[in-house]
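A short write-up of the structure that comes next.
None of the values given here were measured: they were computed from a predicted structure. FYI, side chains are in, hydrogens and waters are out, and symmetry mates aren't considered; it's all heavy atoms of this structure.
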Amino acid sequence: MRRLPLLLLPALPRRPGAALLSHRAAARASQPLENKTKGKLQKKICQVVLDHFEKQYMVELGDTWTSVRDVLTYPLCWQYAILMNKFSPSAELESTLREKGCYPAFQGPLPYLPASLKCYIRRTPGRFPAQKHQAGKLKEYYLLNAASLLPVLALEVKDGEDVLDLCAAPGGKSVALLQCACPGQFHCNEYDELRSRWLKQTIESFIPDPLINLITVSKLDGRQIGDLKSESYDKVLVDAPCSNDRSWLFSSDIQQATHRLIQRKELSCLQFQLLRSAIKALRPGGSLVYSTCTLSKAENSDVINLILHSCSNVMPVDISEMAKALSQEFTFLTGTQQHELLVLPEKGRTWGPMYVAKLKKI
């Protein structure tokens with residue numbers, strides 16, 4: 001397998017607060033404290049984070065928070081999805097998954113669902129074994145939270161379109177996008193050094209040589225890509241650095257957790273700056289999807305509302321039909337606007353949290 005080249009553009013000066021872009025490394029790559037108890041994986045809840053969430057989410061979600069909290073704090077009830085790799089198909093694997101009670105996700109009449117995107121889920125908790133990275137061999141599947149595919153489905157990428165994944169690591173959504181369509185150009189950006197290497201390895205593990213030549217991996221400050229690549233893309237995904245609720249609840253370092261909660265207040269500013277940059281990078285008529293894996297209103301609808309009020313060249317795009325089609329498989333927060341949705345974990349449907357909003361450049 002050909003090694004994926006890493007594009008290293010001229011270094012940009014770090015502005016105050018630029019270190020927040022590395023915040024995602026802590027937010028999503030942190031390893032929770034784990035130990036084996038009676039053969040089952042146990043995780044220790046970080047009380048500092050839980051107390052913080054209790055205060056915020058009881059106000060924002062009301063009684064709904066109680067059922068969401070029960071799922072987020074009990075990993076043994078979590079479900080996992082299996083995204084098949086069309087570039088390394090295995091009929092035997094699909095047969096095995098069906099025997100284990102798995103079935104195809106996304107059963108409803110979605111506005112956009114390429115036949116090449118195959119994802120299996122099952123109602124019972126449990127994690128399918130992960131495949132290790134092997135140089136020269138493509139993996140057959142990618143394990144993920146099924147809600148992570150909703151931003152990809154909302155973006156509706158078509159063959160030949162130029163696509164930017166602004167905050168791409170660890171690469172699951174990039175891989176999913178390539179299951180859906182063959183872009184003209186595919187730019188995957190990740191500012192954090194460690195996570196950029198992780199992204200590169202993920203792409204090499206799932207994408208074959210002919211297609212890998214269409215992919216550019218860069219390590220740029222996402223807030224400045226709009227100026228560097230103005231009106232260069234038809235579709236942009238901003239899966240923004242956020243306060244990863246599911247992961248943060250199991251922070252093993254109290255001091256680190258406290259620092260995260262302080263730093264959390266600055267995230268919405270970063271997310272707003274990334275969105276403004278993404279809008280600049282979009283061609284007129286192009287679409288943008290913004291997503292996070294937090295329940296926080298400050299990082300979700302507040303950021304989108306600020307963009308809509310401050311940027312006259314974007315308009316909201318209705319994604320309510322997508323939510324309606326998926327209402328049997330996912331639980332959504334009620335009362336959201338038509339251009340957004342928020343997946344809430346609940347027992348039996350433990351997917352999320354995942355916030356998705358869609359905008360179009362005029």
Side-chain angles (χ1 to χ4, degrees), residues 17 19-80 125-127 130 143-145 147-148 167 169-170 172 192 194-195 198 239-271 291-300 302-303 331 333 342-347 349-355:
L20 268 173
L21 283 168
S22 297
H23 176 80
R24 188 170 191 150
R28 289 196 174 179
S30 64
Q31 293 299 313
L33 183 66
E34 299 178 352
N35 55 69
K36 296 270 186 172
T37 303
K38 296 182 180 179
K40 292 186 177 181
L41 189 67
Q42 302 292 321
K43 297 183 178 185
K44 185 177 178 180
I45 294 170
C46 181
Q47 195 62 43
V48 172
V49 175
L50 181 57
D51 290 346
H52 181 90
F53 285 178
E54 286 278 3
K55 291 177 183 177
Q56 178 181 352
Y57 294 147
M58 276 302 294
V59 173
E60 294 183 7
L61 300 175
D63 293 340
T64 301
W65 164 243
T66 303
S67 58
V68 171
R69 180 195 59 207
D70 289 347
V71 171
L72 293 180
T73 57
Y74 188 56
L76 294 179
C77 79
W78 293 358
Q79 296 159 274
Y80 296 87
R127 186 186 182 103
L143 300 178
L144 76 174
N145 186 314
S148 297
C167 313
D192 181 76
L194 179 62
R195 290 174 60 80
W198 187 4
D239 187 39
C242 66
S243 48
N244 184 334
D245 298 350
R246 195 180 279 247
S247 172
W248 281 23
L249 276 167
F250 299 97
S251 302
S252 58
D253 185 327
I254 299 296
Q255 190 173 8
Q256 180 195 56
T258 303
H259 177 68
R260 283 178 176 175
L261 293 174
I262 294 170
Q263 200 176 38
R264 188 184 198 206
K265 299 172 184 176
E266 302 176 50
L267 278 170
S268 58
C269 179
L270 169 62
Q271 292 155 349
S291 61
T292 74
C293 53
T294 180
L295 299 164
S296 176
K297 181 173 175 287
E299 299 176 49
N300 294 338
D302 285 357
V303 174
T331 301
L333 178 68
L342 177 60
V343 180
L344 301 175
E346 72 168 23
K347 289 181 180 177
R349 298 190 289 188
T350 63
W351 317 115
M354 180 60 58
Y355 175 81

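- Side-chain atoms of Arg260 and Ser243 form no donor-acceptor pair, as typed in the model, at a separation below 3.5 Å.
- Interatomic distance, CD of Glu299 versus NZ of Lys265, reported as 13.0 Å (0.5 Å rounding).
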Dump the intermediate steps for side chain to side chain contact (heavy atoms under 4.5 Å, CB included) on Arg264 and Trp248, then the final yes or no.
CA-CA 11 Å; Arg264 188 184 198 206; Trp248 281 23; 4.0 Å; yes
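- Under 3.5 Å, the side chains of Gln56 and Ser296 contain a donor-acceptor pair of N or O atoms.
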Show your working on side chain to side chain donor-acceptor pair (under 3.5 Å) between Glu346 and Thr331 and close with a plain yes or no.
CA-CA 7 Å; Glu346 72 168 23; Thr331 301; 3.2 Å; yes
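- The salt bridge (charged side-chain N to carboxylate O under 4.0 Å, His left out) check on Glu60 picks up nothing, with sequence neighbours excluded.
- The aromatic rings of Trp65 and Tyr57 are tilted relative to each other, their planes meeting at an angle between 30° and 60°.
- What you find for Val48 and Thr258 is that their closest heavy atoms are CG1-OG1, 4.0 Å.
- Minimum interatomic distance between Pro345 and Thr350 (heavy atoms only, all atoms of both residues): CB-O, 3.8 Å.
- Across all non-hydrogen atoms, the minimal contact from Ser291 to Asp239 is OG-OD1, 2.7 Å.
- Between atom NE2 of residue His259 and atom CD1 of residue Ile262 there is a gap of 7.5 Å, rounded to the nearest 0.5 Å.
- The shortest heavy-atom contact between Gln271 and Ala240 is CG-CB, 3.9 Å.
- Scanning all heavy atoms of the two residues, the minimum distance from Ser251 to Cys46 falls at O-CB, 3.5 Å.
- Once rounded to the nearest 0.5 Å, the distance linking CE of Met354 with CG of Leu295 reads 11.0 Å.
- Under the side chain to side chain contact (heavy atoms under 4.5 Å, CB included) test applied with Thr294, the options Leu342, Asn244, Asn300 reduce to a single match, Asn300.
- Taking CG from Leu270 and OG from Ser268, the interatomic distance works out to 9.0 Å, rounded to the nearest 0.5 Å.
- Only one option out of Thr292, Leu72, Leu344 pairs with Pro353 in a side chain to side chain contact (heavy atoms under 4.5 Å, CB included); it is Leu72.
- Annotation: side chain of Phe250 is in contact with side chain of Pro75 (closest heavy-atom distance under 4.5 Å).
- Side-chain contact between Arg246 and Trp78 is present, with at least one heavy-atom pair separated by less than 4.5 Å.
- Note that CG of Asp51 is 4.5 Å distant from CD of Gln47, once rounded to the nearest 0.5 Å.
- For Tyr80, there are no ring pair (Phe, Tyr, Trp, His ring centres under 6.0 Å) partners at least two apart in sequence or on another chain.
- Asp245 contributes atom CG, which lies 11.0 Å from atom CG of Leu50 (distance to the nearest 0.5 angstrom).
- Side-chain contact check for Pro170 versus Trp198: some heavy-atom pair is nearer than 4.5 Å.
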